[in-house]
Amino acid sequence: MVDLFLDRVLVENNSDQDELNTEREIIGILENRVLLLFFASAECEKCQRFVPVLSSFFRKLKDPAYIEYPKLLALIYISLDQSEEQQREILKELHKRTLFLGFDDPYRKELQAMFKVKDVPAVVVLRPDGSVLSPNAVRDICRLGTDCFRNWQESAELVERTFMLNEEFDDPNLRSATDPVRRLKYKTEDDKRNKRWWKLWVKGKDGNGEEEKDEAWDMKRKSADRGIWRKR
């Protein structure tokens, strides 16, 4: 699925409209995710009615204000608009984490043909391997809401790395890019227990050391006392 956009420029729907144009950036934002390709046009009334529904759906699955751990989901708007102004009209209503292709990018039409999109709005759902989960999930999103994602996740066999056990991270290949930060920020109970155990062990070791010193001192003192009594 990542291969679809490796040689393309994706733009983030934020105020700066940051461009993602390197292989590392594209892989980082699309790898191991369910991908939604949203085909629409501002001229279509159904599209205009569906955009707020899709935006709310995506926000509830990605925005930290709604969910503690954002889901492995990406949304790309594939504009079928007749002008850049119309494209901006749709983007204005979509979540800021939505990605899109520039209006001048002919790849928009190629994707439309590739996934045989004839009617809009259309939401093509792709597994991480690029295979199609749903050719058009508009009805499911309207009817089921965020429960859709649970079905997609199970079908795509996505791995929620946030909830993986610490032991599974012994393999560096399984670690995400944010794993070191998350480990520092969110200490696991095992880490806490190990830290407490270490402190107790060190404290006990120091205590034993003091006891050994006291015993040695007592022995020296007793030997000295015996020497005094012998002289007498």
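Each residue takes its place number in the sequence, starting with 1.
- The two residues Leu101 and Tyr107 have their closest heavy-atom pair at CD1-CD2, 4.0 Å.
- Lys60 places no side-chain N or O within donor-acceptor distance of the main-chain N or O of Tyr66, the cut-off being under 3.5 Å.
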May I have the list of side-chain donor-acceptor pairs in residues 112-126 shorter than 3.5 Å, sequence neighbours left out?
from   : atom 1 : to     : atom 2 : distance (Å)
Gln112 : NE2    : Val117 : O      : 3.3

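- Sorted by first then second residue, the ring pair (Phe, Tyr, Trp, His ring centres under 6.0 Å) pairs that include residues 6-28, not counting sequence neighbours, number zero.
- Shown here are the side-chain contact (heavy atoms from CB on, under 4.5 Å) partners of Asp18, two or more places apart in sequence or in another chain: Glu12, Asn14, Asp16.
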Handout entry: Stepwise side-chain contact (heavy atoms from CB on, under 4.5 Å) test for Ile67 and Asp63
Key = CA-CA 6 Å; Ile67 189 167; Asp63 199 320; 5.9 Å; no
Would you be so kind as to tabulate the donor-acceptor pairs closer than 3.5 Å made by side chains of residues 39-57, with sequence neighbours excluded?
from  : atom 1 : to    : atom 2 : distance (Å)
Ser41 : OG     : Glu43 : N      : 3.3
Glu43 : OE2    : Gln86 : NE2    : 3.2
Gln48 : NE2    : Ala42 : O      : 2.5
Ser55 : OG     : Arg59 : NH2    : 3.4
Ser55 : OG     : Glu93 : O      : 3.2

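- With Asn13 contributing its side chain and His95 its backbone, the two residues share a donor-acceptor pair below 3.5 Å.
- For the atom pair Leu20 CG and Leu10 CG, the distance stands at 6.0 Å (nearest 0.5 Å).
- Within the structure, every pair that satisfies the salt bridge (Lys or Arg N to Asp or Glu O under 4.0 Å) test and touches residues 100-110, not counting sequence neighbours, is listed here: Arg8-Asp105.
- Partners of Glu25 by side chain to side chain donor-acceptor pair (under 3.5 Å), not counting sequence neighbours, listed by chain and number: Thr22.
- In this view, Ser131 and Arg127, Asp129 satisfy the side-chain contact (heavy atoms from CB on, under 4.5 Å) rule, not counting sequence neighbours.
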Practice task
Could you go through the side-chain contact (heavy atoms from CB on, under 4.5 Å) check for Arg33 and Leu35 one step at a time?
Solution key: CA-CA 6 Å; Arg33 283 167 173 76; Leu35 177 61; 5.9 Å; no
Show which side-chain atoms of residues 140-150 pair as donor or acceptor with protein atoms under 3.5 Å away, not counting sequence neighbours.
from   : atom 1 : to     : atom 2 : distance (Å)
Asp140 : OD1    : Arg143 : NH2    : 3.2

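- Every residue meeting the side-chain contact (heavy atoms from CB on, under 4.5 Å) condition with Leu6, not counting sequence neighbours, appears here in chain and number order: Val2, Asp3, Glu23, Ile26, Ile27.
- A tilted orientation is assigned to the rings of Phe38 and Tyr77, their planes being inclined by 30° to 60°.
- With Ile76 as the partner, the side-chain contact (heavy atoms from CB on, under 4.5 Å) test is satisfied by one option alone out of Leu4, Thr98, Leu99, Leu36: Leu99.
- A continuous path of Ile, Leu, Val, Met, Phe, Trp and Tyr side chains, each step under 4.5 Å between heavy atoms, connects Ile29 with Phe5, placing both in one hydrophobic cluster.
- Taking Glu85 as the reference, Ser83, Arg88 meet the side-chain contact (heavy atoms from CB on, under 4.5 Å) condition, with sequence neighbours excluded.
- Looking at residues two or more places apart in sequence or on another chain, you find a side chain to side chain donor-acceptor pair (under 3.5 Å) between Ser79 and Asp81, Gln87.
- Counting only residues at least two apart or in different chains, ring pair (Phe, Tyr, Trp, His ring centres under 6.0 Å) contacts with residues 116-135 are absent.
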